[in-house]
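In what follows, chains are A, B, ... by sequence order, proteins preceding strands, each numbered from 1.
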There are 2 protein chains.
Amino acid sequence: MQQKKEIINKLRSSNLRPTKQRILIAKKLFDRKETFHFTAESLNKTVNKKMQKRISLATIYNTVEAFKKAGHIREILTNTSKSYYDTNIKSHHHFYDPDKKKLTDIDYQEVVLKKIPNPPKGKKIKDLEVVISLQKK
Amino acid sequence: MQQKKEIINKLRSSNLRPTKQRILIAKKLFDRKETFHFTAESLNKTVNKKMQKRISLATIYNTVEAFKKAGHIREILTNTSKSYYDTNIKSHHHFYDPDKKKLTDIDYQEVVLKKIPNPPKGKKIKDLEVVISLQKK
DNA sequence: ATTCTAGTTTATAATTATTCTAAACTAGTA
DNA sequence: TACTAGTTTAGAATAATTATAAACTAGAAT
Ligand SMILES: [Mn+2]
Ligand SMILES: [Mn+2]
Ligand SMILES: [Zn+2]
Ligand SMILES: [Zn+2]
């Protein structure tokens, strides 16, 4: 949960001008109790639901990309054609339900990794994601 | 490594008619020592390299989908816009190098999972994938 | 061998998600 | 108030994939 001032600070600290559009999008993303998962399409709907002035889809994409680069959201692996994002930027993992097309969080400590192979020379690990796909029982 | 008869049997046992195209594609995929990762695009190139008669891209896509449904290949999670497939169908995990756009196998036993949350009611686990993204050191 | 037909291949069009373009707009500073 | 770099926007372009429907063929039946 974040108030307008905090949101503006968050934008400023990432070298993003606090425009009307970014503030509105940031509110929808960050001014709430629980983190959640979204796509560009779902965010576009959320943001433009019964709004007098709409935000263009290009701006939705631009802003999602900017927030991702700034580390305010992260992209989640799925096998779907569209990109999924997460307002939970703490390291954690996911169930993916292909029927509902929904991600669910799994706490980081639920997954323990034994030794993993060394990354190739000159490379280090940026990120480790576990995705558990579900199916009907 | 599989010979032509084995390949035909593999196709037949999956209710796939052993057509010229499927046999040729199956040879490229399965008649080799090591498993490998590919995309529709890379497979299309491989299959149609200096070939007198080409196989259409539609058939590449159709066949990849058919082989996936039959369980002869599996799709791997990545954050790229194109789908990646694996001729290694044993349970295992991956490094992903976004610079080279290359997947590398990690043996299944390199990753150990502590208790994981129960899947939602009516759902069971279809698959668990670990993807480790790399970056320049 | 010839005929038949369901399954398959193919060229091409359509779709979908995303990115690009470049003109209009605006936040923030001078 | 004027300026400008950054931002937004509508719409075009791109890229991967899927759909369409006509031509072809594997394999069974005759
Ligand atoms: Mn994805
Ligand atoms: Mn993918
Ligand atoms: Zn999450
Ligand atoms: Zn693999």
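Alongside B:Leu134, the hydrophobic cluster contains A:Phe95, A:Ile106, A:Val111, A:Leu113, A:Ile116, A:Ile125, A:Leu128, A:Val130, A:Ile132, A:Leu134, B:Phe95, B:Ile106, B:Val111, B:Leu113, B:Ile116, B:Ile125, B:Leu128, B:Val130, B:Ile132 (criterion: ILVMFWY side chains under 4.5 Å).
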Base-contact (B) and sugar-phosphate-only (S) positions in nucleotides 12-30 of chain D, heavy-atom cut-off under 4.0 Å, - elsewhere: ----SBB-------BS---

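As rounded to whole Å, 9 Å separates atom P of D:dA10 from atom CZ of A:Arg54. Note: NZ (A:Lys101) to C1' (C:dT16) measures 12 Å, nearest angstrom. Protein atom CD1 of A:Ile25 is 12 Å distant from nucleotide atom C1' of D:dT7, rounded to whole Å. Protein atom CD1 of B:Ile55 is 15 Å distant from nucleotide atom P of C:dT8, rounded to whole Å. Regarding B:Asn79, its CG atom lies at a distance of 14 Å from the C1' atom of C:dT18, rounded to whole Å.
The side chain of B:Arg22 contributes an N or O atom lying less than 4.0 Å from OP1 or OP2 of C:dT9.
Ring-centre distance between B:Phe30 and B:Phe36: not below the 6.0 Å cut-off.
Within the structure, the ring-ring contact (aromatic ring centres under 6.0 Å, His included) test picks out the following pairs touching residues 103-137 of chain A (sequence neighbours left out): A:His93-A:Tyr108.
A cation-pi arrangement is absent between A:Lys68 and A:Tyr85, since the terminal nitrogen or guanidinium carbon is not both under 6.0 Å from the aromatic centre and inside a 45° cone about the axis.
Exactly one residue among B:Arg12, B:Lys5, B:Lys4, B:Lys10 makes a side chain to side chain contact (heavy atoms under 4.5 Å, CB included) with B:Pro18. That residue is B:Arg12.
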